[in-house]
Amino acid sequence: MCGGFTCSKNALIALNILYVMIGFLLIGVGVYARAASVVTNLPIVGGILACGVILICISLLGLAGAVKHHQVMLFFYMIILFMLFLIQFSIASSCLAVNSVQQQQFAEHGWKTVPPQLRKQVQDSFLCCGFNGTTTSVANINSNTDDEEPSCELINRECCVNSKDPLCHCEPCGPLLEGKIDYAFKLCGGLGIFFSFTEVLAVFLARRYRNQHDPSYLPARAVFPHNYQY
């Protein structure tokens with residue numbers, strides 16, 4: 001019977017094993033991104049690694065509770081997973097509800113807050129300069145402040161290598177990143193919604209499994225029949 005004790009136990013174990021695999025995948029992505037210098041911003045890598053570690057810890061708690069049919073472990077597993085569902089569902093819904101104007105505002109705010117080295121890396125990768133405008137100020141070359149844009153002198157040379165226009169310059173990075181930013185918001189929102197519903201399923205299975213009787217344990221009346229009067 002699919003709704004029985006064994007089925008609920010196996011389903012909960014399988015779901016938590018999937019969460020463990022996803023957690024290790026997140027850790028692997030974070031380590032690879034750092035080692036390959038795909039992402040040089042440490043808070044981003046740290047966030048990915050933290051999500052992977054937290055997911056693995058929660059999954060191990062659920063696995064231990066499912067294998068042992070431990071009431072306390074399953075209770076805390078349900079509470080933590082439900083709180084994680086609320087947070088993840090809210091964030092995912094916000095990602096899907098953000099329009100293009102708000103996406104550009106968030107992106108521009110992030111552009112201003114990241115270090116100049118990361119901005120320069122984006123400009124070198126996409127052959128663009130600035131976010132909404134081109135910065136060619138010579139003063140930025142020797143400037144080390146975080147509020148200054150990286151110099152676009154070298155980038156402009158690459159963009160205008162075949163142009164005879166003396167005013168030629170690279171396009172701003174904002175329009176070039178618009179499609180990628182929208183894709184990232186939609187992807188994060190869709191994956192967040194999907195995994196949030198799997199967390200609801202895990203909470204439901206944990207609650208059902210927690211309230212079920214283990215058939216391997218006989219009732220006290222069957223073990224000690226002489227203690228009961230009929």
Pairwise distance CZ(F131) to SG(C173) - rounded to 0.5 angstrom: 8.5 Å
Determine, step by step, whether F89 and E199 satisfy the side chain to side chain contact (heavy atoms under 4.5 Å, CB included) criterion, reporting the C-alpha distance in whole Å, the side-chain angles of both residues, the deciding distance to 0.1 Å, and the verdict. CA-CA 10 Å; F89 184 80; E199 291 163 3; over 6 Å; no
Atom CD of Q212 and atom SG of C7: how far apart are they, to the nearest 0.5 Å? 9.0 Å
Determine whether M78 and L84 fall in the same hydrophobic cluster, where Ile, Leu, Val, Met, Phe, Trp and Tyr are linked whenever their side-chain heavy atoms lie under 4.5 Å apart. no
I87, F195: one ILVMFWY side-chain cluster at the under-4.5 Å cut-off? no
Shortest non-hydrogen contact from L74 toward A66: CD2-N, 4.0 Å
How far does OG1 of T198 sit from CG of L18, to the nearest 0.5 angstrom? 7.5 Å
Are F185 and V101 linked, directly or through other ILVMFWY residues, by side chains that come within less than 4.5 angstrom of each other? no
Are the side chain of Q102 and the backbone of N99 linked by a donor-acceptor contact shorter than 3.5 Å? yes
If you measure from CD on Q121 to CZ on F126, what distance do you get to the nearest 0.5 Å? 10.0 Å
Do V122 and F106 share a hydrophobic cluster (ILVMFWY, side-chain heavy atoms under 4.5 Å, transitive)? yes
Indicate yes or no for a side-chain donor-acceptor contact from Q103 to the backbone of E178 under 3.5 Å, with no hydrogens or angles considered. no
Rounded to the nearest 0.5 Å, how far does CG of L205 lie from CG of N10? 11.0 Å
Could you walk me through whether I27 and I56 pass the side chain to side chain contact (heavy atoms under 4.5 Å, CB included) check? CA-CA 10 Å; I27 294 176; I56 289 176; 3.7 Å; yes
Nearest heavy-atom neighbours spanning G192 and Q88: O-NE2, 3.2 Å
Quick one: closest heavy-atom pair of Q123 and G130, and the distance? OE1-N, 2.9 Å
Student check: side-chain heavy atoms of L63 and Y19 closer than 4.5 Å: no
Start with the C-alpha gap between V200 and L81, add the side-chain angles, then the distance that decides, and say whether side chain to side chain contact (heavy atoms under 4.5 Å, CB included) holds. CA-CA 8 Å; V200 173; L81 204 62; over 6 Å; no
Name the residue from V98, I181, L96 that meets the side-chain contact (heavy atoms from CB on, under 4.5 Å) definition with K186. L96
Can any side-chain N or O of E171 pair as donor or acceptor with the backbone N or O of C128 at less than 3.5 Å? no
With sequence neighbours left out, the residues meeting disulfide bond (SG atoms under 2.5 Å apart) with C95 are none
Using every non-hydrogen atom in the two residues, find where M73 and A64 come nearest and quote the distance to one decimal. SD-CB, 3.7 Å
Is it the case that the side chain of R210 and the backbone of Q71 share a donor-acceptor pair, with hydrogens and angles ignored and the cut-off at 3.5 Å? yes
Heavy-atom closest pair (I193 atom, S93 atom, distance to 0.1 Å) is CD1-OG, 3.9 Å
Only one of L60, L55, I54, V53 forms a side-chain contact (heavy atoms from CB on, under 4.5 Å) with C57, so which one is it? V53
Kindly state each residue pair satisfying ring pair (Phe, Tyr, Trp, His ring centres under 6.0 Å) with at least one member in residues 54-80, sequence neighbours excluded. F5-H69, H69-Y209
Evaluate D182 against S100 for side chain to side chain contact (heavy atoms under 4.5 Å, CB included), listing each step before the verdict. CA-CA 7 Å; D182 181 71; S100 59; 5.8 Å; no
Under the salt bridge (charged side-chain N to carboxylate O under 4.0 Å, His left out) test, which residues partner K180, sequence neighbours left out? none
Distance-minimising heavy-atom pair for V20 and S59: CG2-CB, 3.4 Å
Tell me whether F194 shares a hydrophobic cluster with I58, the cluster being built from Ile, Leu, Val, Met, Phe, Trp, Tyr side chains joined at under 4.5 Å. yes
